[in-house]
Every structure is written in C-alpha cells, then in structure tokens.
Amino acid sequence: MTTPTFTPRVFSGIQPSGGLTLGNYLGAIKRFVSMQDEAFETIYCMVDLHAITVWQDPADLRRNTRELAAGFIASGISPEKSILINQSQVPEHAQLAWIFNCVARMGWMKRMTQFKDKAGKNAEAASLGLFGYPALMAADILIYHATHVPVGEDQKQHLELTRDIAAKFNHDYGVDFFPLTEPVIEGAATRVMSLRDGSKKMSKSDPSDASRINMTDNADTIAKKIRKAKTDPDALPSEAEGLADRPEARNLVNIYAALNDQSVAEVLRDVGGQQFGAFKPLLAELAVSKLSPISSEMARLMADPSEIDQILKRGAGQARDITAPILEKTYEIVGMVR
C-alpha cells in the first residue's frame, strides 16, 4: 500500500471561555502567528463546542467567541494567510467526532487527566461531553488531515490520543487515511506561570487578577502587575541552571525571553547579576511595547464586531472546502450509504 503524502497543515484552537491571558498568547497564539510564514497551511479555531462541555451563559459565549477572535486577529493572525473559524460553523467537526467516539476505547478516555482535573470528586455529575471531548478534539485536528499541532505541555496527552485514534481507524479499515499528527512544542514560555505563585499555571480562573496579565489590560495595568510580581531576594543568575529552584525568577525570565524572541541563556547573558529592582522595569517596558497594541486593536474590533463576524463566516466557507471531502471519504471507508 502506498503511503499517502499529506499537505503540511497546522490546526489548533482555544476555548472561548473568556479571559484571554498572557499564557494563551505566549503558549499558543504567538506561535500561531509565526507558523503562518512557514511551510504550512494554517487553520485556527475558536472551539465553542468544547466550551459548552460545561454550562455557558449564551450571551457570554457569543461575546467570548468574538473576543477570542479579536485576540487572534490583533495578535497578527491574518485572514489572508490563515483560515480563522468558529468550530460550530463547520459541522464536519462534530460529524467526524461521532465516528471517533466509535473508534476510541473507554479505557483511553478514562486515562485523560484533564477530565479528572475538571470533573473533580463530582465526576458522576459531569456532562458526557466533558468526558468525551478528547474525541472531538481528535476530530478537530483530523477533519483537516492536519500534520502538525502547536500545543502546550498540558495538551500532549490529548494529541497522543488523537494519534491513537488515527492509527486505530487506519488499522481497522486497512487504510492510510488519517495522518499521525505531530506536536509542535517549543519556545521559552510554552507554560506561563502565575505572577503570584511560580508553581501554578497562569489562569483566568485564579481569584487574584494580579496573578495574570489579561490580553485586554492596558499599558499601565500591565506595568503595575509586573512591578508587583512575586520574586525572591537573590540576583538573577548568569546561567539557566541557576533558575532551577527559583520558580518565580524562572517564570519572569521565561516571559522576557518569549516576548523578546530570545533563549533563556541569551537573556541571562544580558541580565545575569541584576536584582529584580532593575530587571522588572525592563520586563515591564518590553511587555507594554508588545502587548498594549494588541489590547488596543482588540478593543477596536470589539466595538463593532461585524468585521469579526465576516472574517469567521468567510473562514467557515474556506474550511468546509477542506473538511467536506474528508468527511465524505471517511463515510465511504466506514461503509455509510450516501
């Protein structure tokens, strides 16, 4: 059997659950932007079907979906270079997900740590969607035959499941139809931590707004949060090994490196020996210069969301040119009468 050659194609998405943070930007969106100019077709998605695995206020969901799209666009994702979509406008995502529900095994799903984390001790009251959404995530990726997915460390398990589902489908039906998608995990700040506790991931759900930089924060707020970020009393080291047991210091250096497109080693060559009283103003100035134009453009787009809606509508049409034939071929392989 001839092994197919798949078009180099990137897919990734973020849930429109509100509160886009610096962690989303450095861990995902910044990389999305750079991949537009590499040898890939790029497709980026507001995964609203995933968002409703827990209850969402309808008005909030609509606003959050548009705000996330505004964040993508303001950060540099170009509708001329990438396909930008809202998941529910491309029905093939959900249709392929049902096929994958029948391919994935219960044991695989029960091993998914994010379900355990999100459902907690009350798993019996969680929605079936929350339990099964990794199959939808696999469908999101494979309905485009995506070959690469930029992911954070916390999503590696789901991409491994996607590969397992693709491999099982191909094996069960004797085809080489779905690619074994590769993760793209790189950069200095793929996992951005809280500004108040360097051992915890930066999160929109943290009760302290000072723990995170929101992508809607203005320049003064960004600078203030960095000035008040938790640190330790020691000077910055000259080598990365010196950050090993210093989570807050490591987090701020990682953020600086990611914002400035440097490695941690390069940053420490420049600032090693400095106290945080000198380093924090440098980081604040850099963060404001990179992030405040994004927050300003997001505000402009959200003031009249018709531009966002038109971009998403056009993206859905472009996406379906790819997804409809892949779903049709999937049905044919499975044996559906069409």
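Residues E38 and V10 are not in side-chain contact: their nearest non-hydrogen atoms beyond the backbone lie 4.5 Å or more apart. Annotation: side chain of L161 is not in contact with side chain of M137 (no heavy-atom distance under 4.5 Å). Residues I83 and R9 are not in side-chain contact: their nearest non-hydrogen atoms beyond the backbone lie 4.5 Å or more apart. Residues V334 and Y331 are not in side-chain contact: their nearest non-hydrogen atoms beyond the backbone lie 4.5 Å or more apart. Contact check for I294 versus Y25: side-chain heavy atoms found under the 4.5 Å cut-off. At least one side-chain heavy atom of L195 sits under 4.5 Å from a side-chain heavy atom of I255. Contact of the V267 side chain with the L236 side chain is not registered, since no non-hydrogen atoms from C-beta on lie closer than 4.5 Å. The closest side-chain heavy-atom distance from I326 to L96 is not below 4.5 Å.
At least one donor-acceptor pair closer than 3.5 Å links the side chain of K280 to the backbone N or O of A229. A donor-acceptor pair is defined here as one N or O able to donate and one able to accept, closer than 3.5 Å; no such pair exists between the side chain of N251 and the backbone of G198. In this structure, the side chain of Q157 engages the main chain of R111 through a donor-acceptor pair within 3.5 Å. Judged by distance alone, with hydrogens and angles left aside, the side-chain atoms of N24 form a donor-acceptor pair with the main-chain N or O of T21 at under 3.5 Å. Between the side chain of R31 and the backbone N or O of P150, no donor-acceptor pair lies under 3.5 Å. Checking side-chain atoms of K225 against main-chain N and O of D209 turns up a donor-acceptor pair under 3.5 Å. In terms of modelled atom types and a separation under 3.5 Å, the side chain of D217 and the main chain of N214 share a donor-acceptor contact. Of the possible polar contacts, one joining the N170 side chain to the F178 backbone as a donor-acceptor pair under 3.5 Å is found. With hydrogens and angles ignored, the 3.5 Å screen pairs a side-chain donor or acceptor of K30 with a backbone N or O of A258. Within the 3.5 Å criterion, the main-chain N or O of Y256 finds no donor-acceptor partner in the side chain of N260.
Residue R62 holds its CZ atom at 11.0 Å from CG of D309, rounded to the nearest 0.5 Å. The CG atom of L180 lies 10.5 Å from the OG1 atom of T162; values are rounded to the nearest 0.5 Å. For the atom pair I311 CD1 and L84 CG, the distance stands at 7.0 Å (nearest 0.5 Å). One finds the CG atom of L159 at 10.5 Å from the NE2 atom of H148 (value rounded to the nearest 0.5 Å). Of the inter-residue distances, the one linking M336 atom CE with I99 atom CD1 reads 4.0 Å to the nearest 0.5 angstrom. Atom CG in L282 sits 12.0 Å away from atom CG in L252 (nearest 0.5 Å).
Nearest heavy atom pair, residue A97 against residue A139, reads N-CB, 3.5 Å. Taking every heavy atom of both residues into account, F177 and T330 meet most closely at CE2-OG1, 3.3 Å. In this structure, S12 and V149 approach most closely via the heavy-atom pair OG-CG1, 4.2 Å. Between A39 and P8 the shortest heavy-atom distance is O-CB, 3.4 Å. Summarising the geometry of D140 relative to H50, their closest heavy-atom pair is OD2-NE2, 2.7 Å, with the distance given to 0.1 Å.
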Quiz item: Can you list the steps and then say if E307 with R300 is a side-chain contact (heavy atoms from CB on, under 4.5 Å)?
Solution: CA-CA 10 Å; E307 181 179 346; R300 183 193 72 78; 3.4 Å; yes
Practice problem: Show your working on salt bridge (Lys or Arg N to Asp or Glu O under 4.0 Å) between R338 and E328 and close with a plain yes or no. | Solution: CA-CA 9 Å; R338 307 298 292 156; E328 192 65 27; 3.1 Å; yes
Practice problem: Take D206 and R196, measure what side-chain contact (heavy atoms from CB on, under 4.5 Å) needs, and give me the verdict at the end. | Solution: CA-CA 10 Å; D206 192 306; R196 308 306 300 161; 6.0 Å; no
Quiz item: Which is it for V288 and I226 under the side-chain contact (heavy atoms from CB on, under 4.5 Å) test, yes or no, and what are the steps along the way?
Solution: CA-CA 10 Å; V288 166; I226 290 174; over 6 Å; no
Self-check item: salt bridge (Lys or Arg N to Asp or Glu O under 4.0 Å) between D261 and K290, worked out
Solution: CA-CA 11 Å; D261 295 316; K290 298 287 187 179; 5.0 Å; no
Exercise. Evaluate side-chain contact (heavy atoms from CB on, under 4.5 Å) for L20 paired with T216, printing each intermediate quantity in order.
Key: CA-CA 8 Å; L20 201 61; T216 52; over 6 Å; no
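Between Y44 and F32, the ring-plane angle classifies as parallel under the 30° and 60° cut-offs. A tilted orientation is assigned to the rings of F169 and Y173, their planes being inclined by 30° to 60°.
Side-chain contact of Q36 with T42: a donor-acceptor pair under 3.5 Å is absent, judged by distance alone. Remark: the K200 side chain and the S211 side chain contain no N/O donor-acceptor pair separated by less than 3.5 Å. Side-chain N/O atoms of N218 and T221 include a donor and acceptor closer than 3.5 Å. Side-chain atoms of D304 and S306 form a donor-acceptor pair, as typed in the model, at a separation below 3.5 Å. For the residue pair R320 / T323, no side-chain donor-acceptor distance below 3.5 Å is found, with atom types taken as modelled.
Ring centroid separation for the pair Y144 and H93 comes in under the 6.0 Å cut-off.
With a 6.0 Å radius and a threshold of 12 heavy atoms from other residues, nucleotides or ligands, E182 has its CD atom above the threshold. At most 12 non-hydrogen atoms from other residues, nucleotides or ligands lie less than 6.0 angstrom from CG of D245. More than 12 non-hydrogen atoms from other residues, nucleotides or ligands lie less than 6.0 angstrom from CD of E266.
Under a hydrophobic clustering in which Ile, Leu, Val, Met, Phe, Trp and Tyr are joined whenever their side-chain heavy atoms come within less than 4.5 Å, directly or via other members, M106 and I165 fall into the same cluster. Residue L130 is not grouped with residue L61 when hydrophobic side chains (ILVMFWY) are merged at heavy-atom distances under 4.5 angstrom, including chains of intermediate members. Placement of F276 and M193 in two distinct hydrophobic clusters is found when ILVMFWY residues are connected by side-chain heavy-atom separations under 4.5 Å, directly or transitively. Under the 4.5 Å side-chain heavy-atom criterion for ILVMFWY residues, no single connected hydrophobic cluster contains both F6 and F100. The hydrophobic cluster containing I14 also contains I213, counting ILVMFWY residues as joined when their side-chain heavy atoms lie under 4.5 angstrom apart, directly or transitively.
Taking a cutoff of 4.0 Å between a charged side-chain nitrogen and a carboxylate oxygen, K329 and E332 qualify as a salt bridge.
Hydrophobic cluster of L49: the remaining members, joined at side-chain heavy-atom separations below 4.5 Å, are L136, listed by chain and number.
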